[in-house]
Amino acid sequence: MTHIYGIKSCGSVQKALRFLDTHAIEYTFHDFKTSPVSREKIETWAQQSPLSVLLNTKGTTYRTLELKSRDLDDKGKIEWMSTHNLLIKRPVIEYKDTLIVGYDESHYQGIFHS
């Protein structure tokens, strides 16, 4: 089963959900706001994708928390993402043995149609 993580109001998540629906790909949606992911889950993702990709440095939460000035190491980034899931770039998709972070239709085409 494909699992997609994010928030419903995020434009990238909405595009990803439309893509999956259009291509009849079954999935389970996990909303960060109602079902936050654990530190362990984020650590697992970090083994599959660099933290530079997982951490959303362009979002409002990152700016509001002033994390740029903190010079965080990987442990610190994971800690912040585990307590503030909105710091995670969206969507995060677990598909078979692949972790997909963000929305890129051409990338999705290659993964879901291979």
Heavy atoms only: give me the nearest [X]-[Y] pair and the separation to one decimal.
X     : Y     : value
Ile93 : Ala16 : CD1-CB, 4.5 Å
Leu54 : Ser49 : CD1-O, 3.8 Å
Arg90 : Gly6  : CD-CA, 3.9 Å

Could you state the interatomic distance from [atom1] ([X]) to [atom2] ([Y]), rounded to the nearest 0.5 Å?
X     : Y      : atom1 : atom2 : result
Gln14 : Asp21  : CD    : CG    : 12.0 Å
Leu51 : Ile78  : CG    : CD1   : 5.0 Å
Ser9  : Asp31  : OG    : CG    : 8.0 Å
Lys96 : Ile111 : NZ    : CD1   : 11.0 Å
Thr44 : Gln47  : OG1   : CD    : 5.5 Å
Leu65 : Arg63  : CG    : CZ    : 11.0 Å

Exercise. With Lys41, which residues qualify under salt bridge (charged side-chain N to carboxylate O under 4.0 Å, His left out), at least two apart?
Worked result: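 With neighbours one apart ignored, the set is Glu94.
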Exercise. Who pairs with Arg70 by salt bridge (charged side-chain N to carboxylate O under 4.0 Å, His left out), at least two apart in sequence or on another chain?
Worked result: none
For this session: Could you walk me through whether Lys33 and Lys8 pass side chain to side chain contact (heavy atoms under 4.5 Å, CB included), step by step?
Result: CA-CA 9 Å; Lys33 289 184 177 180; Lys8 290 265 186 181; over 6 Å; no
According to a 4.5 Å side-chain heavy-atom criterion applied to Ile, Leu, Val, Met, Phe, Trp and Tyr, with indirect links allowed, do [X] and [Y] form part of one hydrophobic cluster?
X      : Y     : result
Val13  : Tyr62 : no
Val53  : Leu55 : yes
Val101 : Ile25 : no
Tyr27  : Val92 : no
Ile7   : Phe29 : no

Exercise. Do Lys89 and Lys58 come within less than 4.5 Å of each other through their side chains, counting heavy atoms only?
Worked result: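 Not in contact.
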For this session: Would you please classify the geometry between the Tyr103 ring and the Phe19 ring as parallel, tilted or perpendicular, with 30° and 60° separating the classes?
Result: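 Perpendicular.
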Problem set entry | Whether Phe112 and Tyr108 hold their rings parallel, tilted or perpendicular, with breakpoints at 30° and 60° | perpendicular
Exercise. Should we count CG of Asp71 as having more than 12 external heavy atoms under 6.0 Å?
Worked result: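 Incorrect, the count does not exceed 12.
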Exercise. Out of Asn56, Val37, Ile88, which residue meets the side chain to side chain contact (heavy atoms under 4.5 Å, CB included) rule with Met81?
Worked result: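 Testing each of Asn56, Val37, Ile88 against Met81, the sole residue satisfying side chain to side chain contact (heavy atoms under 4.5 Å, CB included) is Ile88.
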For this session: Write out all pairs satisfying side-chain hydrogen bond (donor to acceptor under 3.5 Å, both in side chains) with one or both partners inside residues 75-88, taking only residues at least two apart or from two chains.
Result: Arg39-Glu79
